[in-house]
Amino acid sequence: SMIKVAVLGYGNIGSGVVQVLLKNKETIAKKAGDEIVPACVLDLRDFPGDVMEDKVVKDINLITQNPEISIVVETMGGTKPAYAFVKACLEAGKHVATSNKELVAAHGPELLEIAKAHHVSFLFEASVGGGIPIIRPLNQSLTADEIDEITGILNGTTNYMLTKMDTEGADYDAVLKEAQNKGYAERHPEADVEGYDACRKIAILTSLVCGQQVDFEDIHTEGITKITPTDIKYAQAMGRAIKLLATSKKGPKGYTAIVAPFLLPASHPLYAVNGVFNAIFVHGNVLGDAMFYGSGAGKLPTASAVVADVVEMAKNLDKNIPIEWSSKKLELVDYKEWENRFFIRTTADKAAVERVFGTVTYVQAEGVTGELGFVTEKISEGDCEKKEAELGNVLQKIRVA
Ligand code: HSE
């Protein structure tokens, strides 16, 4: 016997999945207990000269109605038509593994329920952190804990960009293009640079931690589009690095989540996470701290996580692998109640700064004149917004971790 896999979407990740299945065929067969073969790919395009050239299908029914196919991999991205296709495959009794964080963030609980009803599994290890195992650890390993914090660098593209801007003084547009060429970036790069991708990923992680649905629309999200070389000079003057963090914390009133650039000190566990690497810091009430670190984007790392899901399904062909994630919505605590210190740049004078913000710490960046940079005491997000409005002339605000 052998296990036949169909791949929906033969782009960067989909072709990576086929490549991994072929390249590591023997190892995978040993781990799965059976040979796993890529039987067909669904794509509107043709792929002359490709190993799958003769195995391209254009009609999803040829997959859902093919009894030989037991596992489907979805790497199309987006929700249309991925959602309808995945649903149809699960309803046809096929296991599905996906790398699609948009799909998982928007429809995770429903697809898990459908999978369960049809005695198959819906797995999505590759949807967060590229090749880093984080979904399975949260579901199967860190089960003794109340997880009270998850903080991650969850987007490889922006981390690559910020690293190059910091170490090489690279230009924003040039370095974005580089990330695209390396196959890290989303089709629409605003998904990366505006923080939407990281937002969906922290929504997925938070949902898994609390077992309820966290709507990504509820998460306050800022990207890196407003980060300038001047900000990086200030960061360097402070001995800090600017990182796009996606974080969720449980306080006395419940969970709050936010995606935004933060200034990290060298002592922070995520400070040294550079380039396309991602890392996820987890704090549990009995575990203490744990960190997951590795390749966060790109063809083969992401395919590695997808194929690991395929192997897991191959080992559990006749059953549903349960994942606790109900469709009951979790109300997040308003991010405005969160307290932070904030780094602010302004053209206002010191008297005005101190009248509005009280005690602050000024920062002098090399070669920067005609403005003030300062760090506030710990205040709430809401308070900070009010004070910024009162001060006026604010050029930039970055949270200080
Ligand atoms: N565009 C994403 C990133 C791909 O840069 O992290 C991995 O999800």
Side-chain angles (χ1 to χ4, degrees), residues 9 11-17 20 73-79 82 97-106 108 123-136 150-165 170 172-173 175-208 216 219 221-225 227 242-247 259-261 270 273-281 292-309:
N12 190 38
I13 309 303
S15 59
V17 167
V20 171
V73 159
E74 186 276 311
T75 53
M76 311 176 78
T79 56
T98 185
S99 60
N100 185 341
K101 50 262 160 149
E102 283 178 84
L103 176 71
V104 176
L123 298 183
F124 42 89
E125 183 58 69
S127 66
V128 181
I132 308 170
I134 181 63
I135 305 287
R136 217 171 338 273
I150 297 195
T151 299
I153 292 176
L154 297 180
N155 182 267
T157 300
T158 48
N159 203 51
Y160 180 84
M161 292 174 68
L162 288 170
T163 301
K164 288 248 165 170
M165 286 163 74
Y172 182 95
D173 293 315
V175 80
L176 173 58
K177 203 149 269 145
E178 254 177 66
Q180 286 171 321
N181 290 341
K182 287 181 183 280
Y184 305 153
E186 297 301 304
R187 215 170 326 161
H188 306 291
E190 57 272 26
D192 296 303
V193 296
E194 297 290 2
Y196 307 148
D197 177 75
C199 169
R200 281 169 175 82
K201 291 167 174 169
I202 194 70
I204 293 169
L205 295 181
T206 311
S207 297
L208 291 174
F216 64 85
I219 299 175
T221 299
E222 298 173 21
I224 66 159
T225 53
I227 301 296
I242 301 174
K243 300 286 184 191
L244 183 68
L245 297 189
T247 173
V259 175
L270 297 172
V273 177
N274 287 319
V276 72
F277 287 98
N278 283 13
I280 302 115
F281 167 87
F292 298 82
Y293 171 84
S295 308
K299 181 173 177 149
L300 293 179
T302 309
S304 159
V306 176
V307 174
D309 278 348

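The model shown is predicted, which means the values in this text are computed figures rather than measured ones. Just follow the structure's listing: the first ligand is 1, and inside any ligand the first atom is 1. All values below come from the heavy atoms of this structure, side chains included, with hydrogens, waters and symmetry mates left out.
- Protein heavy atom at the shortest distance from atom 5 (O) of ligand 1 is Thr157 OG1, 2.6 Å.
- In terms of polar-atom proximity, defined here as any N/O pair under 3.5 Å, Asn278 makes no such contact with ligand 1.
- Of all atoms in ligand 1, listed by their number and element, those nearer than 4.0 Å to a heavy atom of Asp197 are 2 (C), 6 (O).
- Look at Gly296 and you'll find a heavy atom under 4.0 Å from some atom of ligand 1.
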Determine, stepwise, if the pair Val193 / Tyr172 fulfils side chain to side chain contact (heavy atoms under 4.5 Å, CB included). CA-CA 10 Å; Val193 296; Tyr172 182 95; 3.3 Å; yes
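- Between the side chain of Asn100 and the backbone N or O of Met76 there is no donor-acceptor pair closer than 3.5 Å.
- For Ser15 (side chain) and Asn12 (main-chain N/O), a donor-acceptor pair under 3.5 Å exists by modelled atom type.
- The protein heavy-atom contact nearest to atom 2 (C) of ligand 1 is Glu186 OE2, 3.2 Å.
- For Ser127 and Lys201, the side-chain atoms include no donor-acceptor pair closer than 3.5 Å.
- Judged purely by distance below 3.5 Å, without hydrogens or angles, the side chains of Tyr196 and Glu186 never pair a donor atom with an acceptor atom.
- At a 4.0 Å heavy-atom cut-off, ligand 1 does not touch Thr158 at all.
- In this structure, the protein non-hydrogen atom closest to atom 6 (O) of ligand 1 is Gly156 N, 2.7 Å.
- Ring geometry, Phe277 versus Tyr293: the interplanar angle falls under 30°, so the pair is classed parallel (tilted spans 30 to 60°).
- Looking at heavy atoms from C-beta onward, Leu154 lies in side-chain contact with Leu205 at the 4.5 angstrom threshold.
- Distances between N or O atoms of Lys101 and those of ligand 1 include at least one value under 3.5 Å.
- Remark: ligand 1 atoms within the under-4.0 Å shell around heavy atoms of Asp192 are 1 (N), 2 (C), 3 (C), 5 (O).
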